[in-house]
Trainee: 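The structure's right below; bear with me while I get my questions together.
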Amino acid sequence: RLAVGFTNAVYYIKRPLDFSTNPEWIKIGGATATPSGFSGTVSCMAWSANGDILYVGTENGSIFRFSNIHLIEDQFNGCLDTAGPTNVVTTCTRIYAGSRYVTSIDCDPNDADNVAFSLGSYSQTQYVFVTSSASTDPVTSGAGTFVNKTGSGATGLWSQGGVPVYAVCYDKYDSGRLLIGSEHGIYETSNVTAGTPVWTYAGSAEMGTVATDMIRQQRWDSWHVPNAGCFYAGTHGRGAWRDESSWQMPTS
């Protein structure tokens, strides 16, 4: 499944790697979506592990949840452009409403309820938010159930000088662990569910405290791929990096 975000619209396609057929793009997000109309310019997206939920962040500071995507069969029951909101099987719900650019969002591959996102901008005190009920949260006009996990003082991200956070990534093999990419490099916490998580630098001396724009983990299990659990980071001006600290030994 593949989703593409635009301004005031989200489109979805089934079997994007099947090149033997013509693609059928289905508009699942727009002004007529229920219960929340989708608006804003998409800045980031994250799927639940089973592909049934799509979480979408926007440049104007909102988080939307698109549910029941597995029920989409065709344009008639999935597309806002042709069927109208009374026939659409997916549901769009705004579960966070803020004002700052949402730079990244990730869904815990072990639990679709656990969602984390990051925010941009300088000289702020709140950059990382987490919830444990994302798949069921109702419509909100504020923060909803999301809780600030930026921390404070020497163990918090704020100690880095109030710099943007560009990426968030759960560890499939340790759901309490969250990695973030910031203007000052990669940081991690071993317990993001703590009231005030302790954040520590997780980059290497060679990589340095360089702006890290993206973090992804290889989440296929070890019997499928040789690099299961490895993290990959993209930086601003220092190339791409691989971290094997979460590498999973293949099993026979």
Side-chain angles (χ1 to χ4, degrees), residues 1-13 25-48 53-67 69 80-81 90-107 114-131 134-135 137-150 157-158 160-170 178-184 186-187 211-216 233-237:
R1 298 174 181 178
L2 176 68
V4 179
F6 299 92
T7 297
N8 300 328
V10 176
Y11 284 81
Y12 155 84
I13 185 175
W25 287 99
I26 299 172
K27 185 180 180 182
I28 62 173
T32 57
T34 57
S36 301
F38 177 79
S39 62
T41 300
V42 174
S43 56
C44 53
M45 296 186 287
W47 289 98
S48 62
I53 300 175
L54 178 68
Y55 294 103
V56 178
T58 67
E59 293 183 0
N60 61 0
S62 290
I63 302 290
F64 292 86
R65 179 188 67 232
F66 292 89
S67 306
I69 295 178
L80 292 171
D81 283 343
T90 55
T91 302
C92 172
T93 307
R94 186 173 68 176
I95 58 176
Y96 177 89
S99 59
R100 288 161 56 198
Y101 195 114
V102 181
T103 54
S104 178
I105 188 169
D106 193 30
C107 180
N114 298 332
V115 169
F117 72 85
S118 58
L119 296 174
S121 189
Y122 290 88
S123 302
Q124 302 293 320
T125 58
Q126 299 183 354
Y127 287 97
V128 178
F129 287 79
V130 173
T131 184
S135 70
D137 281 348
V139 178
T140 184
S141 58
T145 63
F146 282 95
V147 178
N148 174 36
K149 294 294 182 177
T150 310
L157 296 175
W158 173 246
Q160 302 306 309
V163 296
V165 174
Y166 302 121
V168 291
C169 188
Y170 280 99
L178 186 73
L179 281 75
I180 66 99
S182 76
E183 182 77 6
H184 291 171
I186 297 177
Y187 286 78
T212 303
D213 301 318
M214 185 176 293
I215 303 176
R216 294 286 188 271
T235 70
H236 183 78

Trainee: Walk me through it: do Phe38 and Thr58 pass the test side-chain contact (heavy atoms from CB on, under 4.5 Å)?
Mentor: CA-CA 10 Å; Phe38 177 79; Thr58 67; 4.0 Å; yes

Trainee: Are the side chain of Tyr11 and the backbone of Phe6 linked by a donor-acceptor contact shorter than 3.5 Å?
Mentor: no

Trainee: Which heavy atom of Met214 sits nearest to which heavy atom of Ala167, and what is that distance?
Mentor: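 Heavy atoms of Met214 and Ala167 come nearest at CA-CB, 3.8 Å.
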
Trainee: So, do Val102 and Ile63 sit near enough that their side-chain heavy atoms are less than 4.5 Å apart?
Mentor: yes

Trainee: Between Phe64 and Tyr55, is the ring centroid distance below 6.0 Å?
Mentor: no

Trainee: In Å, rounded to the nearest 0.5 Å, how long is the span from OG of Ser99 to CG of Asn60?
Mentor: 9.0 Å

Trainee: Are Tyr12 and Phe66, when compared by the centres of their aromatic rings, separated by less than 6.0 Å?
Mentor: no

Trainee: Find out whether Leu178 and Val128 are in side-chain contact, i.e. whether some heavy atom of one side chain is under 4.5 Å from a heavy atom of the other.
Mentor: yes

Trainee: I need the Ile53 CD1 to Ser48 OG distance, nearest 0.5 Å.
Mentor: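 Rounded to the nearest 0.5 Å, the CD1-OG separation comes to 5.0 Å.
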
Trainee: I'd like to check Leu179 versus Val168 (side-chain heavy atoms, cut-off strictly below 4.5 Å). Are they in contact?
Mentor: no

Trainee: Are the side chains of Tyr122 and Pro164 in contact, using a 4.5 Å heavy-atom criterion?
Mentor: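 The answer is yes; the side chains approach within 4.5 Å.
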
Trainee: Should Val115 and Ile105 count as side-chain neighbours, where that means a heavy-atom distance under 4.5 Å?
Mentor: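 Contact flag for Val115/Ile105 side chains = yes.
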
Trainee: If every non-hydrogen atom of Thr140 is compared with every non-hydrogen atom of Ala143, which pair is closest and at what distance?
Mentor: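 That would be OG1-N, 4.3 Å.
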
Trainee: Rounded to the nearest 0.5 Å, how far apart are OG of Ser104 and CG of Leu119?
Mentor: 10.5 Å

Trainee: Can a side-chain donor-acceptor contact be found between Ser118 and Thr103 if the only test is distance below 3.5 angstrom?
Mentor: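 Yes, a side-chain donor-acceptor pair sits under 3.5 Å.
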
Trainee: For Met45, look at atom CE and say whether over 12 heavy atoms of other residues, nucleotides or ligands are found less than 6.0 Å away.
Mentor: yes

Trainee: Does the Ser43 side chain pair with the main chain of Gly57, one donor and one acceptor, at a distance under 3.5 Å?
Mentor: yes

Trainee: Write down the atom of Ala9, the atom of Val42, and the distance for their closest heavy-atom approach.
Mentor: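 Heavy atoms of Ala9 and Val42 come nearest at O-CG2, 4.1 Å.
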
Trainee: Under a 4.5 Å cut-off applied to non-hydrogen side-chain atoms, are Leu54 and Val10 in contact?
Mentor: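 In contact.
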
Trainee: Donor-acceptor check, side chain of Arg100 to backbone of Gly61, threshold 3.5 angstrom: yes or no?
Mentor: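 Not a single qualifying donor-acceptor pair exists.
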
Trainee: Could you walk me through whether Tyr166 and Glu183 pass the side-chain contact (heavy atoms from CB on, under 4.5 Å) test, one step at a time?
Mentor: CA-CA 7 Å; Tyr166 302 121; Glu183 182 77 6; 2.4 Å; yes

Trainee: Mark yes or no for whether Thr212, through its side chain, and Gly181, through its backbone, hold a donor-acceptor pair below 3.5 Å.
Mentor: no

Trainee: When you measure from the side chain of Asp106 to the backbone N and O of Tyr170, does any donor-acceptor pair fall under 3.5 Å?
Mentor: yes

Trainee: Do Trp47 and Arg1 have side chains that get closer than 4.5 Å, going by heavy atoms?
Mentor: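 Yes, their side chains come closer than 4.5 Å.
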
Trainee: May I ask you to decide if Ile95's main-chain N or O and Thr93's side chain share a donor-acceptor pair within less than 3.5 Å?
Mentor: no

Trainee: Look only at the side chain of Asn8 and the backbone of Gly40, and say whether a donor-acceptor pair between them is shorter than 3.5 Å.
Mentor: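 The answer is yes, because a donor-acceptor pair under 3.5 Å joins these two groups.
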
Trainee: Heavy-atom distance under 4.5 Å between the side chains of Asn148 and Tyr127, does that happen here?
Mentor: no

Trainee: Tell me yes or no: between the side chains of Thr145 and Asp137, is some donor less than 3.5 Å from an acceptor?
Mentor: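 Result is yes, a qualifying pair exists.
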
Trainee: What is the distance from atom CD1 of Ile186 to atom CD1 of Ile180, rounded to the nearest 0.5 Å?
Mentor: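 Going from the CD1 atom of Ile186 to the CD1 atom of Ile180 covers 8.5 Å.
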
Trainee: Shortest non-hydrogen contact from Pro35 to Cys92?
Mentor: CD-O, 3.0 Å

Trainee: What are the two closest non-hydrogen atoms of Ser62 and Ala97, and how far apart are they?
Mentor: OG-CA, 4.1 Å

Trainee: Parallel, tilted or perpendicular, judged at 30° and 60°: which one describes the rings of Tyr96 and Phe146?
Mentor: perpendicular

Trainee: What distance do Glu59 atom CD and Thr41 atom OG1 have between them, rounded to the nearest 0.5 Å?
Mentor: 4.5 Å

